[in-house]
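Presented below is the structure to which this report refers.
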Amino acid sequence: MMLAPIDRLSLLSSAQADALRARLVEVAYDERAIARGESIAPGLFDALRLPLVHDALSLDDAPASDLALLFAYMGRVSLERFERALTPALSALALELGLVTRGDDGSVASPFLLMPFMGLWIISDPLSQDGDAVMGPGPTTHELARLLPARTPRSVLDVGCGAGTFALLAADRGSAEAVGVDINPRAVELARINARLNGLSAEFLAGDLFAPVEGRRFDLVISQPPFVARAPEVDAAVFLHGGTYGDELALSLIARCPRVLLPTGRALMLLDAPVRPGAPLHLRLREALGDAPVDVAVFSTPGMSPDLMAVGYTARSLESLEGYAATVRRYRHHLRALGVTEFSHAIVLLLPPGGRFSISLPVRSLSALDGEAIERWCDAIDLASRDPDTLLAATVRPAPGLVFAEERATPDRSVEPTWRVRSERGVAVSRELSEASWALLEAIATQETVAGAVEVYAELCGASAEDVREQVLGFVREHLAKGLLAWERGGASG
Ligand SMILES: C[S@@+](CC[C@H](N)C(=O)[O-])C[C@H]1O[C@@H](n2cnc3c(N)ncnc32)[C@H](O)[C@@H]1O
């Protein structure tokens with residue numbers, strides 16, 4: 001299918017954009033309007049549930065449901081209802097700009113998606129199209145956006161910006177320098193249109209990875225690169241395919257990332273990576289980064305099986321069952337030939353000026369993480385790398401979401417208890433603790449400083465503080481790095 005032309009869309013003026021935005025706010029075309037559609041047959045691929053979503057939204061009288069039908073679910077709406085939703089003047093503008101087109105029966109449809117996203121509206125291409133289609137916000141965009149720091153960094157670089165989503169979000173939250181780069185010139189053009197649509201100032205540049213920003217440095221680099229394994233004979237899509245295994249482009253992006261980071265900057269990326277036995281992602285990243293002075297953390301969740309991946313990759317572009325069987329088999333054969341048996345769905349965090357850590361942190365799902373959890377872990381790593389005196393003066397607590405339980409097999413006290421730590425959010429953990437670890441964690445959790453915990457623990461062991469200090473410091477550093485302990489900055493050491 002041909003991509004819709006964007007030359008007329010780029011004629012949208014700032015005044016027209018302001019009027020359009022005001023109307024979208026007025027009729028509440030926001031994420032709640034999309035949630036109505038998403039609540040119908042959730043979890044199924046769009047190709048299977050779209051007829052139901054169309055049906056439900058067309059029976060709903062709210063103007064926002066007409067806009068959702070048209071702009072989020074590629075449905076058709078009568079001109080009358082479209083004019084009621086957008087006003088006759090703005091409907092005429094949408095037709096003039098090619099944002100919607102009229103069919104033979106007089107109804108309107110849109111060749112674009114126009115999605116509400118965290119207070120913004122983003123125009124992009126439907127992903128049923130291959131080639132140069134431009135990706136807008138989807139479920140994985142949401143997963144990564146939730147991890148943005150609450151305090152907006154001054155400068156943000158969105159690599160592979162697609163429709164410009166992360167750069168525009170940063171600009172909206174007050175970043176003075178919000179830049180997006182993409183190899184696809186159509187993406188850059190659409191991102192600029194989206195900047196105007198949202199009344200935001202951001203810079204969008206075309207080129208390969210960091211080439212367009214050579215010599216510049218940023219506080220935050222954010223990216224969701226294409227990470228799908230491309231099977232032979234499957235049409236290439238620039239927003240989707242990341243190489244034969246899928247993770248090649250992401251690895252090369254991450255390897256080059258340190259040179260665009262400010263000394264206190266960070267990089268945050270989302271990708272699916274095939275699990276390669278004996279070569280976990282965090283070690284492959286460390287190797288790709290060489291001796292670049294950054295710490296690497298991979299928050300990884302179990303991804304889908306190769307069979308489900310094959311279905312997902314294929315169903316994305318599924319408008320009918322025609323061609324499904326051939327394509328799904330191509331993906332499946334490709335993944336089997338590569339020997340991929342498992343995927344990991346991961347967030348990669350790079351932190352300069354490290355070089356000390358390369359760590360893999362299991363999480364049950366990315367929804368267990370948020371910007372605050374990432375921030376807390378960065379603080380923990382910061383403390384773990386400080387000198388012993390700073391560590392001894394710090395207040396350290398079990399990370400929020402951890403549950404420590406003393407478990408007894410019988411109600412009487414005849415059987416020795418076991419101690420277990422498990423997490424209800426954040427880093428996934430469920431393991432038995434030795435009696436010594438339990439006692440030490442209790443001392444850390446109740447004493448104002450780590451030095452206090454050293455004293456208490458020494459007394460319990462019948463040893464001197466000097467004798468146990470190194471052991472306690474090693475324990476604290478390790479558990480800070482694993483996300484089980486958190487630095488309470490407001491504590492004794494401030
Ligand atoms: C998965 S999409 C992400 C879009 C958007 N950032 C989001 O998260 O919704 C990946 C984007 O990377 C772009 N891309 C692919 N190869 C690239 C390269 N070598 N350099 C820069 N961008 C690239 C694609 O054009 C596409 O827009």
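Since the structure is predicted, the reported quantities are computational estimates derived from the model, not experimental observations. We count ligands from 1, going down the list as the structure has it; atoms in each ligand are counted the same way. Reckoned from all heavy atoms, side chains included, excluding hydrogens, waters and symmetry mates.
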Could you tell me whether [X] approaches ligand 1 through its side chain, its backbone, both or neither, with non-hydrogen atoms closer than 4.0 Å?
X: Leu249; value: side chain
X: Phe166; value: side chain
X: Ala187; value: neither

At less than 4.0 angstrom from any non-hydrogen atom of [X], what atoms of ligand 1 do you find?
X: Gln224; value: 1 (C), 2 (S), 3 (C), 7 (C), 8 (O), 9 (O), 10 (C)
X: Thr141; value: 7 (C), 8 (O), 9 (O)
X: Asp208; value: 18 (C), 19 (N), 20 (N)
X: Met135; value: 1 (C), 2 (S), 9 (O)
X: Gly207; value: 20 (N), 21 (C)
X: Phe239; value: 1 (C), 2 (S), 10 (C), 24 (C), 26 (C)

Examine ligand 1 and decide if any of its atoms is less than 4.0 Å from a heavy atom belonging to Cys161.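 True for this residue.
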I'd like to know whether ligand 1 has Gly136 as a neighbour, heavy-atom separation below 4.0 Å.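 Right, Gly136 reaches ligand 1.
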Does [X] come within less than 4.0 Å of [Y], counting only side-chain N to carboxylate O?
X: Arg286; Y: Asp295; result: no
X: Asp247; Y: Arg276; result: yes
X: Asp219; Y: Arg266; result: no
X: Glu26; Y: Arg23; result: yes
X: Glu177; Y: Arg154; result: yes

Which value, rounded to the nearest 0.5 Å, describes the distance between Leu120 atom CG and Arg173 atom CZ?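 Nearest 0.5 Å value for the CG-CZ distance: 9.0 Å.
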Atom pair CG (Leu285) and CE (Met269), whose distance is rounded to the nearest 0.5 Å: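 These two atoms lie 9.0 Å from each other.
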Geometric N/O contact [X] with ligand 1, under 3.5 angstrom:
X: Thr165; result: no
X: Leu209; result: yes
X: Asn184; result: no

Evaluate the criterion side chain to side chain contact (heavy atoms under 4.5 Å, CB included) for residue pair Trp487 and Asp382; output intermediate values, then yes/no. CA-CA 9 Å; Trp487 181 12; Asp382 180 8; 3.9 Å; yes
Kindly assign one of parallel, tilted or perpendicular to the pair Tyr29 and Phe71, based on the angle between their ring planes and the thresholds 30° and 60°.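 Rings of Tyr29 and Phe71: tilted, 30 to 60°.
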